[in-house]
Amino acid sequence: MKTPFPGMDPYLEQEGVWNQVHMDLIANIRYFLAPLIQPHYKAIVEQLTYLTLSPTNGNPKPTFAGRPDNLIISPHGYQPSSPTATAVATAVAAPVAVKPLEALLLPMPEQHLHRYLQIKDKYDEVITVIEILSPVNKIGVGREQYLQKRDNILGSLTHLVEIDLLRMGEPLPMEVAGKNHYRIVVSRSEQRPTADAYLFSVRE
C-alpha cells in the first residue's frame, strides 16, 4: 500500500524495518558526498556495538551491558585457556526443582549495531561526524552513551551533523522554539554554541 504521507513515512520506524532504512541512508549519504569532497577528504562508515541484556523475570526492561571494542563468543562455550588449567573444588548447593512456569530466565547479551559517517582529511583527522539517530541511541539503552559521545564532539574542533528522523522518544537536548517531528542539526565548531537547525513535520 502506498504511504499516505508525502514526506517522511512514520511506519518506517517499526522494529526490523528501521535498521535497513538507516543502513541505506548511511550508504546513500556516503555515495552522494564522496565525489564532492575528494581528493582532500574521504567519507568513512564507522560502527558502534552496544551490548544489552535481554529482559528477565526480575527485570522486565533491557539493560545496558557495555560497549565493547571487540566481542568474541565461542560457539562451543567456554574452553580452558591451557591444558594445564587446574580446577578448584567448591561446595555447590543442589539445584532446586521448579515448575515450567517458574523457570528462571537468564539475561542474554544482545548486540545493537549503530553506524555513522566520519569525514576525514588526508591526515586521517576527523573533520565532521554525521549521525543518523537510531532507536538504540535516542530512546534505547544507548542514549546516555550517545549523549556523552555528542558532548565530546561538541567540545572538540569536529563539526557535527545530527539527523533525527524518528518521531518516537524525547528529542535530544537543544534549545529550539516550537514543536517539530524531525530535525537536522548542523553544528560548526567555529560557531558553537550556536548551531543551525532544520525543523520539519512528517508531511513536509
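These numbers were taken from a predicted model, which means no experiment stands behind them.
The existence of a salt bridge linking E46 and K120 is confirmed by a sub-4.0 Å separation between a basic side-chain nitrogen and an acidic carboxylate oxygen. Taking the charged nitrogens against the carboxylate oxygens, R143 and E170 have no contact shorter than 4.0 Å, which rules out a salt bridge.
Among the candidates I127, V126, V129, I119, the single residue satisfying the side-chain contact (heavy atoms from CB on, under 4.5 Å) test with H159 is I127.
Side-chain contact between I130 and L33: present, with at least one pair of heavy atoms (C-beta onward) separated by less than 4.5 Å. Looking only at side-chain heavy atoms (C-beta outward), M168 and W18 stay at 4.5 Å or farther from each other. The closest side-chain heavy-atom distance from T128 to Y41 is not below 4.5 Å. Side-chain contact between K149 and N137: absent, with no pair of heavy atoms (C-beta onward) separated by less than 4.5 Å.
The minimum heavy-atom distance linking E204 with L199 is given by the pair OE1-O, 4.4 Å. Nearest heavy atom pair, residue E131 against residue L160, reads CG-CD1, 4.3 Å. Nearest heavy-atom pair across L165 and Y182 is O-CE2, 3.2 Å. Shortest non-hydrogen contact noted between E162 and L172 is OE2-CD1, 3.5 Å.
Under the 4.5 Å side-chain heavy-atom criterion for ILVMFWY residues, no single connected hydrophobic cluster contains both I37 and I44. M23 and I163 fall into different hydrophobic clusters, where Ile, Leu, Val, Met, Phe, Trp and Tyr are joined by side-chain heavy atoms under 4.5 Å apart, directly or via other members. L25 is not connected to Y31 by any chain of hydrophobic side-chain contacts under 4.5 Å among Ile, Leu, Val, Met, Phe, Trp and Tyr, and they are in different clusters.
R150 places a side-chain N or O within donor-acceptor distance of the main-chain N or O of P173, the cut-off being under 3.5 Å.
Put simply, CZ on R167 and CG on L12 are 12.5 Å apart, with the number rounded to the nearest 0.5 Å. Here the straight-line distance linking atom NZ of K138 with atom CD of E13 works out to 7.5 Å at 0.5 Å rounding.
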Can you give each donor-acceptor pair under 3.5 Å made by side-chain atoms of residues 184-197, sequence neighbours left out, with the distance rounded to 0.1 Å?
unit_1 : atom_1 : unit_2 : atom_2 : d
S187   : OG     : R192   : NE     : 2.8
R188   : NH1    : D196   : OD2    : 2.6
S189   : OG     : L157   : O      : 3.3
R192   : NH1    : I153   : O      : 3.4
R192   : NH1    : S156   : O      : 2.9
R192   : NH1    : T158   : O      : 3.1
R192   : NH2    : T158   : O      : 2.4
R192   : NH2    : S187   : O      : 3.3

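Listed by chain and number, the residues in a salt bridge (Lys or Arg N to Asp or Glu O under 4.0 Å) with D124 are K42 (sequence neighbours excluded).
Under the 3.5 Å distance criterion, with hydrogens and angles disregarded, no donor-acceptor pair is assigned to the side chains of Q148 and N152.
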Dump the intermediate steps for side chain to side chain contact (heavy atoms under 4.5 Å, CB included) on I29 and I132, then the final yes or no.
CA-CA 10 Å; I29 290 175; I132 302 176; 3.7 Å; yes
